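Presented below is the structure to which this report refers.
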Amino acid sequence: IIVVLNAGLGHWQSSEYGVHVGGSNYSVEEVFASQSAEFGAWEDQHSNAGAVIPVHDGQIFINVPMQSAAVFTPVI
């Protein structure tokens with residue numbers, strides 16, 4: 001399980017935020033996002049919408065809304 005927490009007001013919305021997860025040749029899937037529409041997302045802020053995200057050189061590149069938490073799991 002990979003948990004990404006942003007307690008600040010900064011945000012990254014173009015899949016440019018890199019998170020080191022190690023390994024290669026696998027993908028992860030967002031299984032929870034506190035800024036999903038069902039939880040009253042901030043306007044103009046979006047999560048990864050349950051996307052399957054490939055690992056590149058040991059990192060995933062994701063959207064990170066302000067004041068948010070996201071959980072990812074490996075896709076098997």
Side-chain angles (χ1 to χ4, degrees):
I1 292 177
I2 301 159
V3 177
V4 177
L5 176 65
N6 180 6
L9 296 177
H11 57 91
W12 297 265
Q13 296 292 286
S14 298
S15 298
E16 78 267 21
Y17 191 88
V19 178
H20 190 277
V21 296
S24 60
N25 297 324
Y26 71 100
S27 297
V28 299
E29 179 179 17
E30 183 182 73
V31 295
F32 171 80
S34 65
Q35 289 300 336
S36 294
E38 66 187 296
F39 300 118
W42 297 96
E43 187 174 329
D44 297 326
Q45 300 279 312
H46 54 88
S47 67
N48 301 280
V52 174
I53 301 166
V55 176
H56 293 289
D57 295 325
Q59 294 186 53
I60 55 173
F61 293 91
I62 59 173
N63 298 323
V64 180
M66 64 180 173
Q67 300 178 337
S68 65
V71 178
F72 300 85
T73 59
V75 175
I76 298 174

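Keep in mind it's a predicted model, so treat the numbers as computed, not measured. Positions are given from 1 along the sequence.
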(request) If you link ILVMFWY side chains whenever their heavy atoms are less than 4.5 Å apart, which other residues fall into the same cluster as W12? By chain and number, please. (result) I2, V4, Y17, V19, V21, Y26, V28, I53, V55, I60, I62, V64, F72
(request) Quick one: name the residues clustered hydrophobically with V52, using the 4.5 Å side-chain heavy-atom rule over I, L, V, M, F, W, Y, and just say none if it's on its own. (result)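 V52 clusters with V75.
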(request) Grab the two heavy atoms, one from M66 and one from H11, that are nearest each other, plus how far apart they are. (result) N-CB, 3.6 Å
(request) Quick one: closest heavy-atom pair of Q35 and Q67, and the distance? (result) NE2-O, 3.3 Å
(request) Applying side-chain hydrogen bond (donor to acceptor under 3.5 Å, both in side chains), name anything that partners E30, two or more places apart in sequence or on another chain. (result) S47, N48
(request) For T73, check side chain to side chain contact (heavy atoms under 4.5 Å, CB included) against everything at least two apart and list the hits. (result) I1, V31
(message) Tell me every residue that passes side chain to side chain contact (heavy atoms under 4.5 Å, CB included) with S34, counting only those two or more places apart in sequence or in another chain.
(response)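 Expected list: F32, S68, A69.
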(request) Could you tell me the separation between the OG atom of S27 and the NE2 atom of H56, rounded to the nearest 0.5 Å? (result) 8.0 Å
